[in-house]
Each structure stands twice: as structure tokens, then as C-alpha cells.
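Scroll down for the structure; my scribbles are underneath it.
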Amino acid sequence: MGARFPVRYRAARTQRDTDGALSLSKTKFGQTPSQTVGPFFHFGLPYEGGENLVEGNALGERIIVEGRVLDGDGMPVPDAMIEIWQANAAGKYDHPEDTQDKAADPAFHGFGRCATDKNGVFRFYTVKPGAVPGPGNSLQAPHLVTMVFARGMLKQLLTRIYFDDEAHNANDPVLGLVPEQRRTTLIARKTNSSVYSLDIVLQGERETVFFDY
């Protein structure tokens, strides 16, 4: 990524040297460092309470969604950030483009951010989302739209978190595009009455499925 700019830059200098405009024609340009992000890539983005999507008496089932962000060697990524969007318990997004005739929930805002800790752990306090309309007449299973920000990535990764106890998973139009053997990378397991757990793996054999957008 970092090599593109130096190549163009060197060509421009060569042309100007031919014209005699500059005296740097003998200069050798070394390779510049690759452009990466971090380790302070999300400075200023997390905010206090960002992991809590619920205020007051939000409707629906209160749940915790947690997991770790792991690199290709299975090691925790301690300075990643996870961002989620989700519908409320009725299946309506807190966004003006959601024109469904469903009730909004003023005690639930549907957006959260959480930085990982030293062990790569993230944790959100939210409600179980409802099913939402999909392409055509399809119905999407309850899920969290999930962004992953991490060092070395100029652009965040997009994925989803589904829930293992949802019958709608079988007919979800997006989950259905993923090879069956890899769908488990998107489905959080219920580990007790209110906690769902899923690790996000950035590389390797257990890599999470990420989507283009």
C-alpha cells in the first residue's frame, strides 16, 4: 500500500530532472514504511458507557454479548474496537430510514462501541433484537451488525453476530450465503440465561466471515 505513492513521486522527479529544473536527479529514494493504523487508531472513538445500549426500562430480553478479538495466531488483540448496530426488541432500527410501522423504544438507542481490554475481551449490554425485513419478502434473523477496528487495517471489517437459539437463522438471506461449515463463525452461543459469546478471529483457519460493503 505504501509503495504506490513513492513510485509516482519518483517518476515526477525524474521528469523534472530531465528538464533541468531540479538538481536531485541522482537522489535515490528508499522504500517508505507501509501505511498502517495503530496502535492509537481509535483514539477518541470509544466513549464512556458506549458498551451499554439500554437506558431505563427498555423493552425486550436483556442480554450480554461478549467475546474476544483474536489475531491469526490466536492471540488477543488488546487495542481493537467493536461497534454494533441493531434493531430493538420489536425489530425496528433507531434510524429515520426505518419506516416500519413498529414502535420505537426511547430507552434503547441501538448503537454501541466497546474497546477490547488487555485480554482482547469486548462486552455489550443490550436487548435481544427482533427479526427485521430483508431483501424482497424475506425476513432476517435477529442479529447485530458488527464493525471491527484494529491495528494494521486501514478500513474496518464488517460482519454480523447471530444467536444460536433463533429459528429464523435457517432462512436468513445473508447467513444462507455463507458456506454451512463457516456459519459458526457468526453465531454466538448462549452460555447462560442472559449471556451470548462469540470470538472474532481476524485471520487463520478459524477466521470470522467478513462481508464487503
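Positions are given from 1 along the sequence. The structure presented is a predicted model; accordingly, all values stated were derived computationally and were not measured.
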Counting neighbours of CG on Asn57 that are heavy atoms of other residues, nucleotides or ligands and sit closer than 6.0 Å, is the number greater than 12?
no

Shortest non-hydrogen contact from Val201 toward Arg206
CB-O, 3.3 Å

Nearest atoms (heavy-atom pairs only) where Ala131 meets Pro142:
N-CG, 3.8 Å

Might you confirm whether atom CD of Gln181 has over 12 heavy atoms from other residues, nucleotides or ligands at distances under 6.0 Å?
yes

Within the side chain of Thr159, is there an N or O that forms a donor-acceptor pair under 3.5 Å with the backbone of Val209?
yes

Are Tyr196 and Asp165 close enough that a side-chain donor and a side-chain acceptor fall under 3.5 Å?
yes

Distance in Å, Ile187 CD1 paired with His143 NE2, rounded so as to fall on 0.5 Å steps
13.0 Å

The reported gap from CG in Asn169 to CG in Leu186 (rounded to nearest 0.5 angstrom) is 10.0 Å

Show the numbers, then the answer: is there a side chain to side chain contact (heavy atoms under 4.5 Å, CB included) between Arg62 and Lys128?
CA-CA 6 Å; Arg62 299 287 185 97; Lys128 187 84 169 289; over 6 Å; no

Roughly how far, to the nearest 0.5 Å, is OG1 of Thr208 from CG of Leu157?
9.0 Å

Ring geometry between Trp85 and His95 (parallel below 30°, tilted from 30 to 60°, perpendicular above 60°):
perpendicular

Ignoring hydrogens and geometry, is there a side-chain-to-backbone donor-acceptor pair from Ser197 to Thr191 under 3.5 Å?
no

Is any side-chain heavy atom of Ile82 closer than 4.5 Å to one of Val148?
yes

What distance separates Glu51 CD from Thr126 OG1, expressed to the nearest 0.5 Å?
11.5 Å

Taking the side chain as every heavy atom from C-beta outward, state whether Gln86 and Leu53 have any atom pair closer than 4.5 Å.
yes

Phe210-Val77 co-clustered via ILVMFWY side chain contacts under 4.5 Å:
yes

Under a single-linkage definition using a 4.5 Å side-chain heavy-atom cutoff for Ile, Leu, Val, Met, Phe, Trp and Tyr, are Tyr47 and Phe149 assigned to the same hydrophobic cluster?
yes

With a 4.0 Å cut-off on N to O distance, would you call Arg189 and Asp164 a salt bridge?
no

Is there a side-chain contact between Val132 and Tyr93 in this structure, where contact means two heavy atoms from C-beta onward sitting under 4.5 Å apart?
yes

Check the surroundings of atom CZ in Arg160: do more than 12 heavy atoms from other residues, nucleotides or ligands lie under 6.0 Å from it?
yes

Between Glu83 (side chain only) and Met147 (backbone N and O only), is there a donor and an acceptor less than 3.5 Å apart?
no

With a 4.5 Å cut-off on side-chain heavy atoms, are Asn171 and Leu139 touching?
no

His109 atom NE2, neighbour heavy-atom count above 12 within 6.0 Å:
yes

Looking only at heavy atoms, which two atoms of Val65 and Ile63 are closest? And how far apart?
CG2-CD1, 3.8 Å

One should read off an interatomic distance between Thr146 OG1 and Phe122 CZ, to the nearest 0.5 angstrom, of 7.5 Å

Would the distance check show the side chain of Asp105 and the main-chain N or O of Ala58 forming a donor-acceptor pair, the cut-off being under 3.5 Å?
no

Is there a donor-acceptor pair closer than 3.5 Å between any side-chain N or O of Asn88 and the backbone N or O of Ala103?
yes

Pro173 side chain reached by Gln140 side chain, heavy atoms, under 4.5 Å
yes

Do any N or O atoms from the side chain of Asn119 and from the backbone of Val121 form a donor-acceptor pair under 3.5 angstrom?
no

Counting only N and O atoms by type, is there a donor-acceptor contact under 3.5 Å from the side chain of Arg183 to the main-chain atoms of Val178?
yes

Tell me if a side-chain donor or acceptor on Asp98 pairs with a main-chain N or O of Lys92 at a distance below 3.5 Å.
no

Lys190 to Phe163 six-membered ring, cation-pi geometry met (6.0 Å, 45°)
no

State the CZ-CD distance between Arg113 and Glu48, to the nearest 0.5 angstrom.
15.5 Å

Quick check: closest heavy atoms across Ala80 and Val69, and the distance to 0.1 Å?
CB-CG1, 4.1 Å

Do Thr116 and Pro76 come close enough that some side-chain heavy atom pair is under 4.5 Å?
no

Which pair of non-hydrogen atoms, one from Glu61 and one from Ser193, has the smallest distance, and what is that distance?
OE2-O, 4.1 Å

Indicate yes or no for a side-chain donor-acceptor contact from Asp94 to the backbone of Gly110 under 3.5 Å, with no hydrogens or angles considered.
no

Please determine, by modelled atom types, if Glu207 and Thr185 share a side-chain donor-acceptor pair under 3.5 angstrom.
no

Should Leu158 and Met81 be counted in the same cluster of Ile, Leu, Val, Met, Phe, Trp and Tyr side chains packed under 4.5 Å apart?
yes

I'd like to know whether CD of Gln100 has more than 12 heavy-atom contacts from other residues, nucleotides or ligands below 6.0 angstrom.
yes

Within the side chain of Asp71, is there an N or O that forms a donor-acceptor pair under 3.5 Å with the backbone of Asp73?
yes

Hey, any chance Tyr125 and Val127 share a hydrophobic cluster, counting ILVMFWY side chains that come within less than 4.5 Å of each other, even indirectly?
no

Can you find a pair of side-chain heavy atoms, one from Ile200 and one from Leu70, that are under 4.5 Å apart?
no

Hey, does Leu175 have a side-chain heavy atom less than 4.5 Å from the side chain of Tyr162?
yes

